[in-house]
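Here is the naming used below: chain letters follow the sequence lines, and residue numbers restart at 1 for every chain.
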Protein chains: 2
Amino acid sequence: MTDCSTCVVRNRAICAALDKEELDALNLIGRRRTLTAGESIIWEGDESVLVANVIDGVLKLSTGSQDGREQIVGVVYPADFIGRPFGGNTSHSVTAITDAKVCLFSRADFDGFANDHPALEHKLLRRTLTELERTRKWMTLLGRKSAEEKLASFLLDMSERLVDPGCETVTDEPLAEFDLPFSRQHVADILGLTIETVSRQFTKMKRDGVVALPSRRAVAITNRTALEDLAA
Amino acid sequence: MTDCSTCVVRNRAICAALDKEELDALNLIGRRRTLTAGESIIWEGDESVLVANVIDGVLKLSTGSQDGREQIVGVVYPADFIGRPFGGNTSHSVTAITDAKVCLFSRADFDGFANDHPALEHKLLRRTLTELERTRKWMTLLGRKSAEEKLASFLLDMSERLVDPGCETVTDEPLAEFDLPFSRQHVADILGLTIETVSRQFTKMKRDGVVALPSRRAVAITNRTALEDLAA
DNA sequence: CGACATTTTGATACGTATCAAGGTACGTGG
DNA sequence: CCACGTACCTTGATACGTATCAAAATGTCG
């Protein structure tokens with residue numbers, strides 16, 4: 001059974017706006033769901049009837065064309081919100097990239113609950129504004145940066161976002177070493193490149209001593225200043 | 001003096017959430033400002049202390065790098081909201097593309113007012129969610145489309161967004177003919193292309209009989225189906 | 001150990017940027 | 001009203017970066 005009071009994202013997700021009683025009410029309309037890597041919960045173009053909070057794992061928001069081109073338009077992490085409340089269709093799919101846990105609501109239920117809880121809407125508004133800002137920043141990368149600049153920017157972004165938020169680390173410094181939750185193909189789809197170009201840029205950075213690549217998914221930033229220069 | 005009750009975007013902007021009394025209160029903290037084309041009200045990286053509603057005209061949100069590359073990350077029209085309430089810095093400038101009128105608020109004033117008026121926040125939330133959705137759709141264009149596909153998609157989008165919302169047109173059908181509020185350079189900065197490439201694609205479409213170009217800024221879609229095919 | 005998926009590397013082609021020049025519309029002052 | 005200057009747009013020639021096609025290498029899992 002769902003139990004918000006022990007939820008690991010309780011204090012970071014939009015639910016943090018609610019007190020104990022309100023949380024109990026939210027409990028009644030939500031349910032947890034486990035996803036295995038590759039599984040989707042929302043499909044591009046569908047009438048969006050679900051919204052959710054991410055509890056654990058990483059999910060991608062993506063659009064695909066008939067001819068197989070795919071673009072990842074967003075990546076969500078624990079405590080992030082998924083879906084389109086208050087009407088309107090979602091124009092992208094939502095797919096688990098790693099095994100994941102989410103807290104699901106039917107949109108109708110969530111809409112009703114949100115209407116009665118302005119503090120929840122306020123949290124959601126702040127989160128949405130931040131996400132819009134982040135997305136716009138990403139547009140500059142897609143529209144104007146070279147492959148090398150794209151990968152450098154991406155790695156720097158990852159080193160900041162993959163900081164484990166669970167434990168109360170004193171410093172929120174970016175990581176020097178981390179495991180990407182993405183395959184090379186995912187990285188390519190995030191950066192608007194092909195997998196071959198991504199691979200070549202990784203190799204180049206390794207050759208130049210900017211990063212080390214201990215294993216397929218692992219990245220160690222060995223010269224952050226140089227990486228920042230490459231990101232332009 | 002500001003007078004919301006006669007404002008042309010009164011029923012479309014987020015202010016539509018307010019009744020007459022509330023509107024009077026909002027009146028007290030807002031002021032109108034006229035902008036001439038090229039004038040900015042928010043600068044990239046600045047501590048964002050202003051928010052605003054667009055009353056008339058078109059404005060761009062853009063980011064620029066040192067080396068002169070620019071990417072337009074959003075375009076706003078009458079009734080749209082500008083700025084970043086509730087903290088956080090804006091990472092893009094806001095600049096008038098045409099002469100424009102806006103309704104300005106200091107962020108602190110607006111934040112306070114919004115806190116007391118959940119209905120206003122709700123409107124803003126819906127608007128922000130829609131804008132996020134639109135922005136994500138644009139990412140696919142920037143990351144995965146060819147120059148020809150980009151321009152075709154752009155023209156179709158324009159034919160829908162430039163429909164004059166003022167008069168109560170029975171049908172909201174897309175326009176067959178319209179004047180772009182943008183120069184070729186603007187179009188290039190929106191699509192992540194150079195001005196030369198944009199120009200060549202315009203010429204190609206004209207040659208193929210998909211569009212006619214009566215004057216520099218005017219576009220007439222002569223074969224919509226073909227244009228839709230080009231947009232992929 | 002062997003089969004499969006993923007990643008890397010290589011050779012080549014294509015699309016768009018870049019550099020350069022010419023053309024067209026537009027506003028200003030003669 | 002026309003000549004001129006300026007900004008904007010178009011066209012052309014070439015270079016460069018990334019995609020594409022192909023194959024080899026590496027890692028992963030039964």
Side-chain angles (χ1 to χ4, degrees), chain A residues 36-38 65 67-71 97-99 140-155 179-208 211-219 230-232, chain B residues 36-38 65 67-71 97-99 140-155 179-208 211-219 230-232:
Chain A
T36 56
S65 5
D67 56 349
R69 286 180 293 184
E70 172 165 331
Q71 177 66 48
I97 275 188
T98 64
D99 291 345
T140 300
L141 177 141
L142 289 176
R144 292 298 187 200
K145 291 194 177 182
S146 70
E148 184 172 53
E149 292 168 339
K150 282 178 175 179
L151 186 58
S153 308
F154 171 75
L155 292 177
D179 276 301
L180 291 173
F182 310 110
S183 69
R184 290 287 185 270
Q185 184 63 61
H186 286 139
V187 176
D189 290 339
I190 289 171
L191 300 179
L193 296 169
T194 59
I195 183 174
E196 293 95 329
T197 298
V198 170
S199 179
R200 278 186 247 272
Q201 295 300 334
F202 263 117
T203 305
K204 184 156 176 291
M205 285 186 189
K206 187 171 78 175
R207 201 169 50 228
D208 297 347
V211 301
L213 305 171
S215 79
R216 280 193 164 175
R217 297 280 182 111
V219 176
L230 290 180
Chain B
T36 56
S65 5
D67 56 349
R69 286 181 293 184
E70 172 165 332
Q71 176 67 48
I97 275 189
T98 64
D99 291 345
T140 300
L141 177 140
L142 289 176
R144 292 300 188 198
K145 292 194 177 183
S146 70
E148 184 172 53
E149 292 168 339
K150 282 178 176 179
L151 186 58
S153 307
F154 171 74
L155 293 177
D179 277 302
L180 291 174
F182 309 111
S183 69
R184 290 285 185 270
Q185 185 62 61
H186 286 139
V187 176
D189 290 339
I190 290 171
L191 300 179
L193 297 169
T194 59
I195 184 173
E196 293 97 329
T197 298
V198 170
S199 180
R200 278 185 247 273
Q201 295 300 332
F202 263 117
T203 305
K204 184 156 177 290
M205 285 185 189
K206 187 171 79 174
R207 201 168 52 229
D208 297 347
V211 301
L213 306 170
S215 80
R216 282 193 164 174
R217 297 279 182 111
V219 177
L230 290 180

### Task
Measure the distance from CD on Glu149(A) to P on dA17(C) and round it to the nearest whole Å.
14 Å
### Query
If you fit an axis to the five pairs at each end of the helix from dC1(C)-dG30(D) to dG30(C)-dC1(D), how big is the angle between those two axes, to 10 degrees?
40°
#### Entry: Listed nucleotide nearest any side-chain atom of Ser199(B), set dT18(C), dC9(D), dT7(C)
dC9(D)
### Task
Flag the pair His186(B) / Ser183(B) as yes when at least one side-chain heavy-atom distance between them is below 4.5 Å, and no otherwise.
yes
### Summary
Whole-Å distance, Asp179(B) CG to dA25(C) P, equals 15 Å
### Message
In whole Å, I'd like the distance from the NZ atom of Lys150(B) to the C1' atom of dA17(C).
### Response
12 Å
### Query
Between dT8(C), dC9(D), dC21(D), which nucleotide gets closest to the side-chain atoms of Arg184(B)?
dC9(D)
### Task
Find the distance Asp189(A):CG to dT7(C):P and express it as a whole number of Å.
12 Å
#### Entry: Partner residues of Arg200(B) under the side chain to side chain donor-acceptor pair (under 3.5 Å) criterion, sequence neighbours left out
none
## Note on the structure
With sequence neighbours left out, the residues meeting side chain to side chain donor-acceptor pair (under 3.5 Å) with Ser199(A) are none
### Message
For a 4.5 angstrom cut-off between non-hydrogen side-chain atoms, does Leu193(B) reach Gln201(B)?
### Response
no
Got a list of protein N/O to nucleotides 13-18 of chain D N/O distances below 3.5 Å?
| from | atom 1 | to | atom 2 | distance (Å) |
| --- | --- | --- | --- | --- |
| dA13(D) | N6 | Arg200(B) | NH2 | 3.4 |
| dT18(D) | OP1 | Ala147(A) | N | 2.7 |

### Query
CD of Glu196(A) versus C1' of dA23(D): gap in Å, rounded?
12 Å
### Query
Does any N or O in the side chain of Lys145(A) come within less than 3.5 Å of the main-chain N or O of Ala231(A), such that one atom is a donor and the other an acceptor?
yes
### Query
Ignoring hydrogens and geometry, is there a side-chain-to-backbone donor-acceptor pair from Asp189(B) to Gln71(B) under 3.5 Å?
no
### Letter per nucleotide, 5' to 3', of nucleotides 25-30 of chain D [B base touched, S only sugar-phosphate touched, - untouched; heavy atoms, 4.0 Å]
-BS---
### Query
Counting N and O atoms only, with roles assigned by atom type, does the side chain of Arg69(A) sit under 3.5 Å from a partner on the main chain of Arg144(B), one being a donor and the other an acceptor?
yes
#### Entry: side chain to side chain donor-acceptor pair (under 3.5 Å) involving Thr36(A) - partner list, sequence neighbours excluded
Glu39(A)
### Task
For the pair Val187(B) and Leu151(B), evaluate side chain to side chain contact (heavy atoms under 4.5 Å, CB included) and give the outcome as yes or no after the intermediate values.
CA-CA 8 Å; Val187(B) 176; Leu151(B) 186 58; 4.2 Å; yes
### Message
Quick check against the 3.5 Å criterion: does Glu70(B) have a side-chain atom that pairs as donor or acceptor with the backbone of Ser65(B)?
### Response
no
### Query
Rounded to the Å, how far apart are Ile195(A) CD1 and dA22(D) C1'?
14 Å
### Full working for side chain to side chain contact (heavy atoms under 4.5 Å, CB included) between Phe154(A) and Leu180(A)
CA-CA 11 Å; Phe154(A) 171 75; Leu180(A) 291 173; 4.1 Å; yes
